[in-house]
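The next block holds one structure in the form of structure tokens; read it before the comments.
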Amino acid sequence: MDGIKLINFNVFDNGSNGRLTPLEGGIDIPFEINRIYYITQVQKGVRRGFHSHKELQQVLICLHGSVKIMVKTPVAEQVIDLNSLTLGLYIGPMIWREMYDFSPEAVLLVLASRHYDESDYIRDYLEYNKFANKYFGLEE
Ligand code: TYD
């Protein structure tokens, strides 16, 4: 699906000394990182997200447990199961996303290209659809 991609990170496996995964902005992550946040303690049955961003780019990594991410545009929809320390989900601008099925004690890390800005959010799906049709060059 256009606008998203899965990124497999490099792992330095040092046997019993453990594993190390480096994430460098502009190299492993396809933008300079300006903000990091993490989502924890999401109860069973809870669904979050329900928004798109006008310009923000993000990479989501599930550091512990698992979570499903539904990504959607006016022409495509996909569900990604995030359950690996070495897998990142890149989400570009103008992609609707919903996060659900958080396993108990799941830790979802998010790397973001910009500082928090509420005016970058589109939280209404009908409004999203209108903007997205223009953004993706589709007829309304
Ligand atoms: P929100 O983006 O609505 O969460 P989600 O889409 O995952 O359900 O954010 C929840 C609250 O946290 C909201 O009041 C805004 C605040 N917030 C920040 O202050 N800074 C941030 O970087 C983020 C992502 C959210």
Side-chain angles (χ1 to χ4, degrees):
M1 176 176 146
D2 287 350
I4 69 151
K5 69 181 173 201
L6 290 168
I7 309 171
N8 287 298
F9 302 127
N10 284 326
V11 183
F12 293 89
D13 188 346
N14 234 336
S16 54
N17 282 342
R19 293 176 167 205
L20 185 151
T21 301
L23 305 176
E24 296 204 30
I27 300 174
D28 310 288
I29 303 298
F31 49 78
E32 294 301 333
I33 300 161
N34 273 304
R35 178 163 53 107
I36 296 173
Y37 62 93
Y38 34 88
I39 297 173
T40 59
Q41 298 187 36
V42 179
Q43 300 300 304
K44 202 167 183 255
V46 171
R47 208 168 168 106
R48 348 184 6 142
F50 300 101
H51 65 254
S52 157
H53 289 280
K54 294 174 190 163
E55 293 184 18
L56 187 74
Q57 303 172 74
Q58 295 183 310
V59 170
L60 282 60
I61 307 161
C62 191
L63 291 183
H64 185 255
S66 63
V67 57
K68 289 195 177 69
I69 316 289
M70 189 274 271
V71 283
K72 186 172 173 170
T73 66
V75 291
E77 180 173 333
Q78 204 173 322
V79 174
I80 291 102
D81 213 336
L82 278 186
N83 57 9
S84 164
L85 285 167
T86 61
L87 181 68
L89 170 62
Y90 167 85
I91 306 182
M94 292 307 290
I95 307 285
W96 188 263
R97 86 283 314 268
E98 296 173 18
M99 299 161 270
Y100 62 102
D101 273 5
F102 286 78
S103 67
E105 301 189 19
V107 176
L108 180 63
L109 178 74
V110 182
L111 311 177
S113 62
R114 298 172 55 149
H115 290 167
Y116 178 72
D117 174 8
E118 186 58 37
S119 72
D120 188 64
Y121 280 73
I122 304 174
R123 293 187 184 275
D124 178 77
Y125 189 75
L126 290 178
E127 190 192 351
Y128 165 73
N129 219 39
K130 210 170 76 185
F131 271 98
N133 277 322
K134 282 204 192 94
Y135 183 82
F136 291 106
L138 304 163
E139 293 295 315
E140 270 190 54

Subject >> Minimum heavy-atom distance A106-S66, with the two atoms named >> reply: CB-O, 3.7 Å
Original post:
Is there side-chain contact between V11 and F9, with at least one heavy-atom pair below 4.5 Å?
Top reply: no
Original post:
Which class fits the ring pair W96 and Y128: parallel under 30°, tilted 30 to 60°, perpendicular over 60°?
Top reply: tilted
Subject >> Validation row: Q58, L111 side chains within 4.5 angstrom (heavy atoms) >> reply: no
Original post:
Okay, side chain of N34, backbone of S113: is any donor-acceptor separation there less than 3.5 Å?
Top reply: yes
Subject >> L63 side chain reached by L108 side chain, heavy atoms, under 4.5 Å >> reply: no
Original post:
Which residue pairs pass the side-chain hydrogen bond (donor to acceptor under 3.5 Å, both in side chains) test when at least one of the two sits in residues 5-30, sequence neighbours left out?
Top reply: D13-R19
**OP:** Count the heavy atoms of every other residue, nucleotide or ligand shown that sit under 6.0 Å from OH of Y38, and state whether that count exceeds 12.
**Re:** no
**OP:** Would you name the heavy atoms of G88 and I61 that are closest together and state the gap between them?
**Re:** CA-CG1, 4.1 Å
Original post:
Does E55 pair with R114 as a salt bridge, N-O distance under 4.0 Å?
Top reply: yes
Subject >> Main-chain N/O of G65 paired with S103 side-chain donor or acceptor, under 3.5 Å >> reply: no
Original post:
Going by heavy atoms in the side chains, are E77 and V71 under 4.5 Å from each other?
Top reply: no
Subject >> Nearest heavy-atom neighbours spanning F136 and P74 >> reply: CD1-CD, 4.1 Å
Original post:
Quick one: does E105's side chain get under 4.5 Å of H64's, heavy atoms only?
Top reply: yes
Subject >> Audit row: L82, I69, side-chain contact (heavy atoms from CB on, under 4.5 Å) steps and yes/no >> reply: CA-CA 7 Å; L82 278 186; I69 316 289; 3.9 Å; yes
**OP:** Not counting sequence neighbours, which residues clear side-chain hydrogen bond (donor to acceptor under 3.5 Å, both in side chains) with D117? List them please.
**Re:** S119
Original post:
Under the side-chain contact (heavy atoms from CB on, under 4.5 Å) criterion, do I33 and F31 qualify, and how do the steps go?
Top reply: CA-CA 6 Å; I33 300 161; F31 49 78; 4.3 Å; yes
**OP:** Applying side-chain contact (heavy atoms from CB on, under 4.5 Å), run through V67 and C62 and close with a yes or a no.
**Re:** CA-CA 7 Å; V67 57; C62 191; 4.0 Å; yes
**OP:** Please tell me if the side chains of T73 and I95 come closer than 4.5 Å, counting only heavy atoms from C-beta onward.
**Re:** yes
Subject >> Close side-chain approach of Y37 and Y116, heavy atoms under 4.5 Å >> reply: no
Original post:
If only atom types and distance count, is the side chain of D101 paired as donor or acceptor with the main-chain N or O of K68 below 3.5 Å?
Top reply: no
Original post:
Does K54 count as lying over the ring of Y135, i.e. NZ or CZ under 6.0 Å from the six-ring centre, within 45 degrees of the axis?
Top reply: no
Subject >> Donor-acceptor under 3.5 Å (R97 side chain, H51 main chain) >> reply: yes
Subject >> Flag side-chain contact, heavy atom, 4.5 Å: I7 against P30 >> reply: yes
